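Okay, structure first, notes after.
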Amino acid sequence: MNELEELIQKLCPDRVEYKKISEITDILRGKRLTKSQLLEDGQYPVYHGSLSPLGYYNEANRESDTVIVVNTGGIGGVGYSATPFWCSDGCFCIAHCKVLINKFIYYYLIGFQDYFISRIRAGGVPTIDKDTVGNIKIPVPPIAVQREIVRILDNFTELTAELTAELTAELTARKKQYEYYRDTLILGQDVERKTLGEIATELYRGAGIKRDEVTKEGIECVRYGEIYTTYDIWFDKCVSHTNEEKIASKKYFESGDILFAITGESVEEIAKSCAYVGNDKCLAGGDIVVMKHNQNPKYLAYALSTTEAQRQKSYGKIKSKVVHASVPSISAISIPLPSFDEQARIADILDKFHRLVTDISQGIPAEIEARKKQYEYYRDKLLTFKHYSG
């Protein structure tokens, strides 16, 4: 029997009383500061509608060891501050509880984030009421039990954060290693460079396929947004289909063609491209440029993903809500063009490296998510008691 089990067996072996938070604490709303009052070098963080500081101020209106519940903006966020801070009116603070440790309340309320979101009050600025927090019933075990639960969860939280940081750093390192190797392998060649205008046998724009024209069956198609969100360097199956007969202006692409997304939200990603290596004849949606050629499609796709190629894609683009590229700007992009056999060799090497990085990229987030779920399960189990209503 571990220490927590011994404490429960000794101090509350049968059941624990549950109380409404409003019955045992004060739920305080903060006071808004104007933007002109915020300071870059203020002493205390200011929280309003988020668990990230809005700014800083030279006064605090809340003490250390305080629980924060965001009531507007990032609704449902639950935080804990170990230092004094200024609470604006976009947050509730839980204070003056004599029967519960504040860190215990914090850990318990983390499990109610989805509940808070479900209780958003419509109309005007979305928010949650004080009663949404106050009506939650929380267990009130003996203080010694609370301390031990907080100690365990503090340790588990720290270990989980460390593991997540290590896994994230590993993923970042592998991606940078891959990008360096890809760029060195392609850009380090002493070969002739050619523009896509010189390489292409055809270069043309697709035609619009509306969202409501996408179907479960029919001819395969690609809409420009899918190039950003769904397809990587190359792909052999389309995720979308449409009714070919209902598309007025048909623009097709086939095996080996390169697709460019010429509309986007980021200068850094504009004109993201990928190669289609499947066997079907497919439709290209609007804001896509199709490039036909006689080269190795995978090599072209890898060459067009290098940091140098991406810089060329972003030339002259103005960062705004929507960024556009064009057929002429794509035609002007130049890449190293070795022999066909050398293209195939490089593409084969990068395929293997890319597959390894992709496996890591999928595996590490899955591992992080598994750790998160494990933590949530463990936390909920620690904070669940046999109870009776007080």
Side-chain angles (χ1 to χ4, degrees), residues 1-8 12 15-16 18 21 47 49-52 66-71 73-82 91-92 94 100-120 126 128 132-133 135-141 145-176 178 228-230 232 239 355-387:
M1 185 179 292
N2 60 39
E3 186 173 345
L4 178 59
E5 290 172 333
E6 290 178 354
L7 284 171
I8 292 174
C12 50
R15 59 191 67 193
V16 167
Y18 275 59
I21 287 180
Y47 294 105
S50 173
L51 296 175
S52 298
T66 296
V67 181
I68 304 168
V69 178
V70 179
N71 64 42
I75 293 174
V78 178
Y80 172 83
S81 179
C91 298
F92 294 129
I94 296 175
L100 288 174
I101 298 171
N102 284 340
K103 199 71 174 290
F104 180 88
I105 299 174
Y106 160 71
Y107 280 125
Y108 191 76
L109 289 182
I110 286 177
F112 284 81
Q113 289 174 322
D114 289 341
Y115 167 76
F116 291 143
I117 293 172
S118 73
R119 302 287 292 180
I120 292 175
I128 57 173
T132 299
V133 180
N135 288 333
I136 292 173
K137 289 189 174 183
I138 186 170
V140 187
V145 173
Q146 294 179 44
R147 286 201 184 99
E148 181 59 13
I149 290 173
V150 168
R151 185 191 69 79
I152 293 170
L153 288 176
D154 277 350
N155 289 338
F156 199 13
T157 300
E158 183 177 353
L159 289 172
T160 301
E162 289 176 357
L163 177 61
T164 298
E166 289 174 4
L167 291 172
T168 301
E170 174 71 11
L171 177 58
T172 300
R174 290 293 173 258
K175 285 182 176 178
K176 287 186 177 297
Y178 161 72
Y228 291 111
T229 62
T230 304
D232 204 344
V239 298
R355 191 177 301 115
L356 175 63
V357 173
T358 299
D359 289 343
I360 293 172
S361 297
Q362 293 173 347
I364 287 180
E367 177 67 15
I368 291 173
E369 183 63 24
R371 295 296 179 184
K372 178 184 175 184
K373 289 186 180 297
Q374 181 186 39
Y375 167 76
E376 291 171 350
Y377 170 81
Y378 192 41
R379 181 199 66 216
D380 291 349
K381 189 173 181 180
L382 285 173
L383 294 169
T384 301
F385 299 85
K386 293 180 180 179
H387 68 280

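In this text, all values refer to a predicted model and were calculated from it rather than measured experimentally.
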For the pair E148 (side chain) and V145 (backbone), establish whether a donor and an acceptor sit closer than 3.5 Å, ignoring hydrogens and angles.
no
Describe, in one word, how the ring planes of F104 and F385 are oriented to each other, choosing from parallel (under 30°), tilted (30 to 60°) and perpendicular (over 60°).
tilted
Can you confirm whether Q113 sits close enough to I117 that some side-chain heavy atom of one is under 4.5 Å from a side-chain heavy atom of the other?
no
Less than 4.5 Å apart, side chain to side chain, heavy atoms only: is that true for I364 and T168?
no
Beyond-backbone contact of T132 with V69, side-chain heavy atoms, under 4.5 angstrom:
no
What are the two closest non-hydrogen atoms of V16 and P139, and how far apart are they?
CG1-CB, 4.1 Å
Tell me whether E376 contacts the main-chain N or O of G111 through its side chain, where contact means a donor paired with an acceptor under 3.5 Å.
no
V78 side chain near F116 side chain, heavy-atom distance below 4.5 Å
yes
Ring-plane angle category for Y115 and F112, please: parallel below 30°, perpendicular beyond 60°, tilted otherwise.
perpendicular
Please say which of R371, K372, R379, K373 ends up in a side-chain contact (heavy atoms from CB on, under 4.5 Å) with Y375.
R379
Check V70 against I128 and note the closest heavy-atom contact, atom names and distance.
O-CD1, 3.9 Å
Under a 4.5 Å cut-off applied to non-hydrogen side-chain atoms, are D154 and K103 in contact?
yes
Which label fits Y106 and Y80: parallel for a plane angle under 30°, tilted from 30 to 60°, or perpendicular past 60°?
tilted
Between L100 and P141, which heavy-atom pair has the shortest distance, and what is it?
CD2-CD, 4.3 Å
Return the minimal non-hydrogen interatomic distance between C91 and S50, and the atom names on each side.
SG-O, 4.4 Å
Nearest heavy-atom neighbours spanning P126 and I120:
CB-CG2, 3.7 Å
Residues I94 and I21: closest non-hydrogen pair is CD1-CG2, 4.4 Å
CG/N155: more than 12 non-hydrogen atoms of other groups inside 6.0 Å
yes
A side-chain contact here means heavy atoms from C-beta on lying under 4.5 Å apart; do Y107 and T157 qualify?
yes
If you define the side chain from C-beta out and look only at heavy atoms, does anything of L4 sit under 4.5 Å from L382?
yes
Would you please test Y108 and I136 for side chain to side chain contact (heavy atoms under 4.5 Å, CB included) and show each step?
CA-CA 10 Å; Y108 191 76; I136 292 173; 4.2 Å; yes
